[in-house]
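Notes for the one structure printed next.
If you're wondering where the values come from, they're calculated on a predicted model, not measured in any experiment.
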Amino acid sequence: FAVLSLELSPLLELVPMIMFCVFATDLKNQPKNLVWLHILDITVTAIVMVLFLAAIIVLAVFTFGIGAVFLLLLVPYVVVLIQLFLSWPKKVEESESVEQVV
């Protein structure tokens, strides 16, 4: 959604933000082998947020600060990044994996 929001609108990032709130418990119980997907999602979301931040700063400079109102569009990116860091996949202990199988 981060790449898609780059082309359409930053408001499209509201979808993952709401999904993180709904599926918070499932995301915290992810297996450790999905950590590469987590890193990729954090990287893409951060890059898109920085690109929008740069565009908004340029807009704010040329509109003498009036364009700074669009900084509110970055709030969903910040929430998604915080949720991504909070839902980092946990390391599965051998004792936990045995208990889950039994």
Gap separating the NE2 atom of His38 from the CG atom of Leu84, nearest 0.5 angstrom: 5.0 Å
Val50: side chain to side chain contact (heavy atoms under 4.5 Å, CB included) partners, not counting sequence neighbours: none
Within one Ile-Leu-Val-Met-Phe-Trp-Tyr cluster: Val75 and Phe85, side-chain cutoff 4.5 Å: yes
Nearest-0.5 Å distance, CG of residue Asp41 to OG of residue Ser87: 9.0 Å
Mind listing the side-chain donor-acceptor pairs of residues 51-71 below 3.5 Å, one per line with the distance, residues two or more places apart or on another chain?
unit_1: Thr63; atom_1: OG1; unit_2: Leu59; atom_2: O; d: 2.8
unit_1: Thr63; atom_1: OG1; unit_2: Gly67; atom_2: N; d: 2.8

All side chain to side chain contact (heavy atoms under 4.5 Å, CB included) counterparts of Ile39, not counting sequence neighbours: Val35, Thr43, Trp88
